[in-house]
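Inspection log for the structure reproduced underneath, given as structure tokens.
Quick note on labels: first sequence line is chain A, next is B, and so on, each numbered from 1.
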Protein chains: 2
Amino acid sequence: MNGAAPSRLPEGAKAQRVYLSLRDQITGGALASGDSLPGEQRLAESFGVSRVTVRRALDALAGTGLIDRRAGSGTVVRDRGGAEMPVAMNLATLMPQLVEMGHSTTARLLAFSYGTAPEFVARSMELEADADIQIAIRVRSADDTPFSHLTTYVPANIARNYSEDDLANHPLFTLLERSGVEIAHAHQSVTATLAGPEVAEALNVAVGTALLSLKRVVRDVDGKGVEYLSALYRPDMFRLEMPLTRVGTGAGRHWEPAIGKDGEASE
Amino acid sequence: MNGAAPSRLPEGAKAQRVYLSLRDQITGGALASGDSLPGEQRLAESFGVSRVTVRRALDALAGTGLIDRRAGSGTVVRDRGGAEMPVAMNLATLMPQLVEMGHSTTARLLAFSYGTAPEFVARSMELEADADIQIAIRVRSADDTPFSHLTTYVPANIARNYSEDDLANHPLFTLLERSGVEIAHAHQSVTATLAGPEVAEALNVAVGTALLSLKRVVRDVDGKGVEYLSALYRPDMFRLEMPLTRVGTGAGRHWEPAIGKDGEASE
DNA sequence: ACAAGTTGTATTATTTATAATACCAGATGC
DNA sequence: GCATCTGGTATTATAAATAATACAACTTGT
């Protein structure tokens with residue numbers, strides 16, 4: 001569909017490409033902790049850029065703590081023991097797992113309105129094209145750091161059963177089941193996308209940051225769509241986890257998710 | 001791991017970010033065929049850039065045929081009949097689902113070597129730090145369009161049981177089980193990341209494109225790691241899908257993946 | 001001590017990307 | 001017609017990224 005960037009586009013910041021390449025090599029394991037990097041001059045030559053440009057990339061790597069630089073000695077990959085992701089979610093059960101204790105997540109309501117369903121929502125939920133729905137946009141934070149941007153579409157007749165205030169304080173799941181909806185099954189789809197201006201601001205990241213994108217359609221026992229969720233997650237704050245077990249024998253051998261039994265689902 | 005781009009880095013080509021963001025909105029369905037885009041002036045304001053910059057991005061979008069622009073009337077998303085996502089994978093069963101018939105996926109081996117395990121691989125697989133492993137990098141394509149970039153780490157003693165040629169022609173799973181490995185369970189983690197130069201070239205996308213990142217550790221019945229997979233997927237070519245059912249009653253009510261029973265797992 | 005590497009710093013020039021502005025031409029609704 | 005959207009074009013100015021160069025300060029090994 002696209003291929004290389006069309007010719008009219010600027011090449012893109014060279015320093016950023018050097019930065020991304022080195023960062024990938026470090027986080028991807030090609031450069032392990034303690035490894036020495038080639039000298040700045042050599043890096044400049046191998047990337048085909050000037051030393052100043054390499055320097056900017058290294059500055060950025062040092063700023064994020066990935067490398068240590070010592071004048072006269074050289075640049076080495078720093079040993080980063082911890083620095084892991086605070087929030088994870090079990091993709092099978094939709095159960096969030098807060099890896100450290102003391103994490104509390106809070107939701108903030110950014111937008112709340114009623115209107116007609118966008119075409120792609122109506123199609124996914126199998127509603128009439130002009131169906132009335134409620135649209136809510138929320139941002140969820142852990143320890144005052146936002147990690148997810150949630151846009152939910154709920155048919156108006158269901159949404160009338162809870163208030164704007166409920167939405168800011170309870171998972172949508174709770175509200176739906178409290179409203180008498182009998183949730184039966186869901187289908188979710190995971191991809192990646194770039195942060196646009198509004199989302200970037202809400203999640204406190206730069207425009208152009210990679211985000212995890214999850215779309216979920218929830219249906220009731222009659223197969224009617226009761227919720228369409230479009231969620232965007234910061235990859236440095238959030239991960240989807242999924243344990244699997246291989247079961248069966250012979251030709252019937254296949255994978256099955258190892259599921260947790262407890263808890264309450266949330267977005 | 002990174003979050004907002006470190007402050008010292010150049011912002012990067014703004015035109016390219018506008019281009020990538022709009023492209024994602026179009027291919028991701030947020031902007032459907034026939035939808036009108038906001039005016040160039042409005043786009044410039046919302047992205048925080050000048051109109052010329054927006055213009056360069058729109059030029060690129062028009063160049064790839066994603067939009068139609070008519071002076072006086074406006075810019076609309078072009079109706080591109082097909083060109084949808086050809087490949088999906090069931091996240092629970094690891095079973096790929098080729099949505100259209102006639103799709104054949106082929107693998108190309110980019111790199112193949114033996115060496116000592118990177119620290120993070122050794123830690124994840126619980127190997128000794130200096131364990132010998134095989135590292136292979138493959139690109140998988142559907143209809144000559146690459147959609148996934150796979151880096152696999154396999155302990156050398158297991159990897160010796162199959163050849164470089166096997167690797168290019170068979171899913172790694174098949175080769176492992178053929179080698180007598182008793183695969184028991186796996187753990188996978190899904191995030192998003194940006195395409196670096198090497199991966200971008202291999203996947204035929206622009207540097208800075210959002211990619212889906214999946215890491216999977218496969219263990220045998222003794223709990224020893226037998227495979228570490230780091231996979232990067234083009235979001236416009238590949239999606240992770242997962243159906244869920246809500247089961248149980250009362251307090252024991254929870255989600256469970258609806259799993260397929262057949263087929264062979266692959267990457 | 002010395003040479004040869006390294007990073008740190010500074011200066012200058014050049015190129016490129018972006019911004020700000022104005023105006024034209026086509027389309028649309030009143 | 002007319003006001004007012006829209007994209008198309010051009011000009012100029014400013015800001016930013018990059019390159020080329022030189023040199024200082026520090027480290028290490030001989």
Side-chain angles (χ1 to χ4, degrees), chain A residues 5-22 26 31 34-78 197 200 206-208, chain B residues 4-22 26 31 34-78 197 206-208:
Chain A
S7 56
R8 290 196 198 73
L9 276 176
E11 297 187 49
K14 301 190 185 180
Q16 184 165 355
R17 292 201 301 205
V18 175
Y19 166 79
L20 288 172
S21 175
L22 292 175
I26 294 172
L31 290 169
D35 281 3
S36 280
L37 270 67
E40 295 175 357
Q41 187 56 43
R42 219 160 296 168
L43 282 175
E45 286 163 10
S46 77
F47 276 102
V49 299
S50 74
R51 196 185 145 209
V52 211
T53 303
V54 167
R55 200 129 227 299
R56 302 240 307 247
L58 293 178
D59 286 345
L61 287 170
T64 61
L66 283 177
I67 59 173
D68 262 329
R69 307 208 278 178
R70 289 193 314 277
S73 174
T75 301
V76 296
V77 178
R78 174 179 283 176
V207 173
Chain B
S7 55
R8 287 197 201 73
L9 267 181
E11 299 187 49
K14 301 189 185 179
Q16 184 165 354
R17 293 198 307 203
V18 174
Y19 165 78
L20 290 171
S21 176
L22 290 175
I26 294 172
L31 290 170
D35 281 2
S36 281
L37 270 68
E40 294 176 357
Q41 187 57 43
R42 220 161 294 168
L43 282 175
E45 286 163 11
S46 77
F47 275 100
V49 299
S50 74
R51 196 184 145 209
V52 258
T53 304
V54 167
R55 200 128 228 296
R56 303 238 304 250
L58 293 179
D59 286 346
L61 287 171
T64 62
L66 283 178
I67 58 173
D68 263 329
R69 309 157 88 185
R70 288 194 313 276
S73 174
T75 301
V76 296
V77 178
R78 174 179 285 179
V207 173

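In this model, the phosphate group of C:dT16 is not approached by any side-chain N or O of A:Lys14 to a distance below 4.0 Å at OP1 or OP2. For C:dA17, the OP1/OP2 oxygens have no side-chain nitrogen or oxygen of B:Thr53 closer than 4.0 Å. Between D:dA20 and A:Arg51, no contact under 4.0 Å exists linking OP1 or OP2 to a side-chain N or O.
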Review point. So B:Leu22 and B:Phe47, side chain to side chain contact (heavy atoms under 4.5 Å, CB included) or not? Walk me through it.
Key: CA-CA 11 Å; B:Leu22 290 175; B:Phe47 275 100; 4.3 Å; yes

**Study point:** Residue pair B:Leu43, B:Val18: steps toward the side chain to side chain contact (heavy atoms under 4.5 Å, CB included) verdict
**Key:** CA-CA 9 Å; B:Leu43 282 175; B:Val18 174; over 6 Å; no

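Between C:dA20, D:dT18, C:dT9, one nucleotide has an atom nearer to the side chain of A:Arg55 than all others, and that is C:dT9. Of the candidate nucleotides C:dA19, D:dG7, D:dT18, D:dT18 has the atom nearest to the side chain of A:Ser50.
By the side-chain hydrogen bond (donor to acceptor under 3.5 Å, both in side chains) test, B:Arg42 is found to be paired with no residue, residues two or more places apart in sequence or in another chain being considered. Partners of B:Ser36 according to the side-chain hydrogen bond (donor to acceptor under 3.5 Å, both in side chains) rule, which considers only residues two or more places apart in sequence or in another chain, do not exist here. A:Glu45 pairs by the side chain to side chain contact (heavy atoms under 4.5 Å, CB included) definition with A:Gln41, not counting sequence neighbours. Residues satisfying the side-chain hydrogen bond (donor to acceptor under 3.5 Å, both in side chains) test with A:Ser46, not counting sequence neighbours, are none. Partners of A:Ser73 by side chain to side chain contact (heavy atoms under 4.5 Å, CB included), not counting sequence neighbours, listed by chain and number: A:Arg70. In this structure, the side chain to side chain contact (heavy atoms under 4.5 Å, CB included) partners of A:Thr75, at least two apart in sequence or on a different chain, are A:Leu37, A:Ile67, A:Arg69. The salt bridge (charged side-chain N to carboxylate O under 4.0 Å, His left out) check on B:Arg78 picks up B:Asp68, with sequence neighbours excluded.
In this entry the distance linking CG of A:Asp68 with C1' of D:dC26 reads 16 Å, nearest Å. The nearest whole Å value for the distance from the CG atom in A:Asp59 to the P atom in C:dT7 is 12 Å. Here the C1' atom of nucleotide D:dG7 and the CG atom of B:Leu58 are 10 Å apart, to the nearest Å. In this structure, CD of A:Glu45 is placed 15 Å from C1' of D:dT21, rounded to the nearest angstrom. Rounded to a whole Å, the CG atom of B:Leu61 is 15 Å from the C1' atom of D:dG7. B:Arg17 places its CZ atom 13 Å from the P atom of D:dA16, with the value rounded to the nearest Å. Rounded to a whole Å, the CZ atom of A:Arg56 is 15 Å from the P atom of C:dT9.
Along DNA chain D, the nucleotide nearest A:Val49 and the nucleotide nearest B:Thr75 are compared for position; the residue whose nucleotide lies closer to the 5' end is B:Thr75.
Proximity of residues 36-44 of chain B to DNA chain D (heavy atom under 4.0 angstrom from any strand atom) is restricted to B:Gly39, B:Glu40, B:Arg42.
For the pair A:Leu58 and A:Glu40, the tightest heavy-atom approach, listed with the atom from each and the gap, is CD1-CG, 3.6 Å. Here the shortest heavy-atom pairing between A:Ala15 and A:Ala57 reads O-CB, 3.6 Å.
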Which atoms of nucleotides 25-27 of chain C (N or O only) lie under 3.5 Å from a protein N or O atom, and what are those distances?
{"residue": "C:dG26", "atom": "N2", "partner": "B:Gly72", "partner atom": "O", "Å": "3.0"}

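Defining each end axis of the helix from C:dA1-D:dT30 to C:dC30-D:dG1 as the rotation carrying four pairs' C1' atoms onto the next four, with five pairs an end, the two axes are found to diverge by 30° to 10 degrees.
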